[in-house]
J.: 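Below you'll find the structure I mean.
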Amino acid sequence: MLDIKLIRSNPDLVRSALAKRGDDPAKVDRLMALDGEFRQLQQQLDNLRQERNDRSKQIGAIKTERAMGDVVALQEVVAEIAKQIKALEQQVSTIESERKNPRTGLLFQIPNIPDESVPLGLAESANVEIRRWGTLPSNGFIWLPHEEIGANLGILDMNRAAKLAGTRFVVLKGIGARLERALGNFMLDLHVANGYTEVLPPAIANEETLTANGNLPKFQDQLFKLEGLPYYLIPTAEVPLTNLYREEILEADKLPLYLTAYTPCFRSEAGAAGKDTKGMIRVHQFGKVELVKIVHPDNSFAELEAMVEDAERVLQALELPYRVMLLATGDLGFNSAKTYDLEVWFPSQGKYREISSCSNCTDFQARRGQTRFRENSTLRFPHTLNGSGVAIGRTLAAILENGQRADGTIKLPAALWPYLGGLREIRKE
RNA sequence: GGAGAGGUGGCCGAGCGGCUUAAGGCAACGGUUUGCUAAACCGUCGUAGGGGCUCUACCUCUACCGGGGGUUCAAAUCCCCCCCUCUCCGCCA
């Protein structure tokens with residue numbers, strides 16, 4: 001959520017931010033009209049309430065001091081004012097919900113303002129490659145897709161997963177299941193060693209939490225909701241982690257906060273029909289280690305660079321070739337002012353695929369969740385950052401694909417050996 | 001799930017229809033005192049949204065005592081619904 005005062009004082013800035021994203025700049029004008037109306041009615045309402053309060057006090061004074069005065073007449077006057085107040089309150093609350101209600105309000109439909117350093121462009125081709133790491137595996141080899149490798153080795157079973165739950169689920173078995181667990185432990189250990197605090201949050205979140213994070217109301221169709229209950233399965237640990245200090249005032253010396261969590265993530269993948277239908281690239285449930293930072297506003301962009309490096313460390317240790325992309329304005333998420341994606345190499349597809357997305361949401365989420373910190377006795381919103389560190393399902397798939405050898409065995413990166421009881425390769429059991 | 005007790009500012013805690021502008025304390029901040037620290041004393045000290053203006057100041061209004069609704073001229077205070085915490089009981093990985 002943007003600051004309404006910023007929109008009032010600098011509507012052009014917000015209009016151009018919307019245009020850069022391919023969003024509708026007229027939203028600003030609709031909001032400003034509504035805001036003007038709101039303020040005018042609020043003023044009227046406040047005046048009426050003042051009058052009511054004054055006269056009610058008068059009545060109280062007359063009664064307690066047994067002073068002279070026509071109490072009955074006054075009561076009638078105030079009763080009339082009270083009626084007007086009620087009517088006006090109705091109007092104000094209608095407008096307020098169009099303006100600022102978390103579920104329906106216009107203010108909540110305006111995305112974050114892209115940072116100056118974000119490349120302009122609506123097409124995916126406008127994204128800028130920042131750097132590459134690792135050498136791509138050679139050609140002259142038929143690189144199998146991970147789902148075939150997994151099936152051959154007997155460690156990945158899509159068919160039985162479909163029986164148990166449906167399409168877009170996986171069952172991992174034997175070393176496959178163990179590998180998932182090893183990856184989670186490895187990533188958490190790495191991030192904890194780098195200063196992050198490990199958190200184990202609920203995998204279910206309520207409406208307030210998802211609204212503060214920006215998933216509701218706009219992206220409700222991407223979530224799994226528990227039937228008849230105001231609960232949702234989390235789509236990422238970003239949701240609970242950025243909400244950990246919601247509606248709290250932190251002391252400035254508590255910042256920065258570095259948090260990491262390994263949770264299951266649940267996504268309905270509505271609208272993704274036909275995309276990545278095979279394998280574990282796009283599934284309804286996957287494990288992910290998430291990184292979240294809550295930082296002082298002055299440092300957030302430097303903190304973003306550091307966070308990207310923290311995610312890169314995972315891929316480097318796992319010896320997976322990747323590239324870092326800076327997303328253009330049109331590709332930015334709703335909350336984000338600047339986002340880097342990490343894309344890992346999938347030899348069977350001959351392309352890089354997203355495995356991590358690291359964003360600086362500036363004060364956008366903090367304002368929405370009323371997370372604040374106190375600095376020299378004034379209250380400020382911290383900046384929140386989130387990044388995958390990294391998605392485990394896709395990592396597992398990438399390890400299977402990139403580690404393929406001619407004899408059908410899979411090479412495991414040395415960083416994982418200690419997590420797999422010394423196992424150095426996967427072979428058919 | 002059942003019974004009971006409770007939820008008040010950063011924290012503790014009083015208030016239970018009008019004298020609350022939420023007492024008092026702690027913490028914090030500023031000052032006096034002091035060789036320094038501490039103590040003592042004085043002062044400041046919630047959040048949000050408006051309006052005014054000589055516009056980082058200052059003045060002023062409104063709202064907020066877990067959330068929502070209601071009663072009343074007037075609600076932290078009375079009534080209803082919901083949420084959360086604690087204690088006991090039941091069930092349970």
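Chain identifiers are assigned alphabetically (A, B, ...) following the order of the sequence lines, protein sequences preceding nucleic acid strands; residue numbering begins at 1 within each chain.
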J.: Could you give the side-chain donor-acceptor pairs of residues 392-402 of chain A under 3.5 Å, partners two or more places apart or in another chain?
T.:
unit_1, atom_1, unit_2, atom_2, d
Arg394(A), NE, Ile281(A), O, 2.8
Arg394(A), NH1, Glu354(A), O, 2.7
Arg394(A), NH2, Ile281(A), O, 2.9
Thr395(A), OG1, Ala391(A), O, 2.5
Glu401(A), OE1, Ser348(A), N, 3.1
Glu401(A), OE1, Ser348(A), OG, 3.0
Glu401(A), OE2, His146(A), N, 2.7
Glu401(A), OE2, His146(A), ND1, 3.3
Glu401(A), OE2, Ser348(A), OG, 3.1
Asn402(A), ND2, Trp345(A), O, 2.8
Asn402(A), ND2, Ala398(A), O, 2.9

J.: Distance from Leu257(A) atom CG to Leu385(A) atom CG, nearest 0.5 Å?
T.: 12.0 Å
J.: Between P on G68(B) and CD on Gln90(A), what's the gap in Å once rounded to a whole number?
T.: 15 Å
J.: Decide whether Thr384(A) and Gln365(A) meet the rule of one side-chain donor and one side-chain acceptor closer than 3.5 Å.
T.: yes
J.: On a whole-Å scale, what distance lies between the C1' atoms belonging to C84(B) and C45(B)?
T.: 29 Å
J.: Whole Å only: how far is the CG atom of Asn47(A) from the C1' atom of G50(B)?
T.: 10 Å
J.: Looking at C53(B), which nucleotide sits across from it as a Watson-Crick or G-U wobble partner, both distances under 3.5 angstrom, or is there none?
T.: none
J.: Please tabulate the protein-to-nucleotide N/O contacts below 3.5 Å involving nucleotides 7-13 of chain B, giving atom names and distances.
T.:
none

J.: Could you check whether Ile81(A) gets within reach of a base, just the sugar-phosphate, or nothing at all, counting any heavy atom under 4.0 Å?
T.: nothing
J.: Going by heavy atoms closer than 4.0 Å, what residues in residues 5-15 of chain A are next to RNA chain B?
T.: Lys5(A), Arg8(A)
J.: Once you apply the 3.5 Å cut-off to both distances, tell me the Watson-Crick or G-U wobble partner of C65(B), or none.
T.: none
J.: How long is the gap from CD1 on Ile81(A) to CZ on Arg55(A), to the nearest 0.5 Å?
T.: 5.0 Å
J.: Partner lookup for G9(B), please. Criteria are Watson-Crick or G-U wobble with both distances under 3.5 angstrom; report none if nothing qualifies.
T.: none
J.: U85(B) and G67(B): how far apart are their C1' atoms, nearest whole angstrom?
T.: 15 Å
J.: Across the strands shown, which category fits Gln42(A) at heavy-atom distances under 4.0 angstrom: base, sugar-phosphate, nothing?
T.: nothing
J.: Any chance you could measure Leu172(A), atom CG, to Met280(A), atom CE, to the nearest 0.5 Å?
T.: 5.0 Å
J.: With the side chain of Arg49(A) defined as its heavy atoms from C-beta on, choose the nearest nucleotide among U62(B), G49(B), G51(B).
T.: U62(B)
J.: Between protein and nucleotides 72-78 of chain B, what N or O pairs are separated by less than 3.5 Å?
T.:
unit_1, atom_1, unit_2, atom_2, d
C73(B), O2', Ser56(A), OG, 3.0
C73(B), N4, Lys63(A), NZ, 3.4
A74(B), O4', Ser56(A), OG, 3.1

J.: For RNA chain B, whose closest nucleotide is more 5', that of Ile4(A) or that of Asp54(A)?
T.: Ile4(A)
J.: Only pairs with both distances under 3.5 Å count, Watson-Crick or wobble alike; so what is the partner of A14(B) in this structure?
T.: none
J.: Any chance you could measure Gln404(A), atom CD, to Ile426(A), atom CD1, to the nearest 0.5 Å?
T.: 11.0 Å
J.: Taking N and O atoms by type only, does the side chain of Asp46(A) place a donor or acceptor under 3.5 Å from a partner on the base of G49(B)?
T.: yes
J.: Taking only residues two or more places apart in sequence or in another chain, which ones pass salt bridge (Lys or Arg N to Asp or Glu O under 4.0 Å) with Glu309(A)?
T.: none
J.: Roughly how far apart, to the nearest Å, are A3(B) and U77(B) at atom C1'?
T.: 26 Å
J.: Using a distance-only test with no angle check, is there a side-chain donor-acceptor pair under 3.5 angstrom linking Asn213(A) and Thr242(A)?
T.: yes
J.: Where do N or O atoms of nucleotides 80-85 of chain B meet protein N or O atoms at under 3.5 Å, pair by pair?
T.:
none

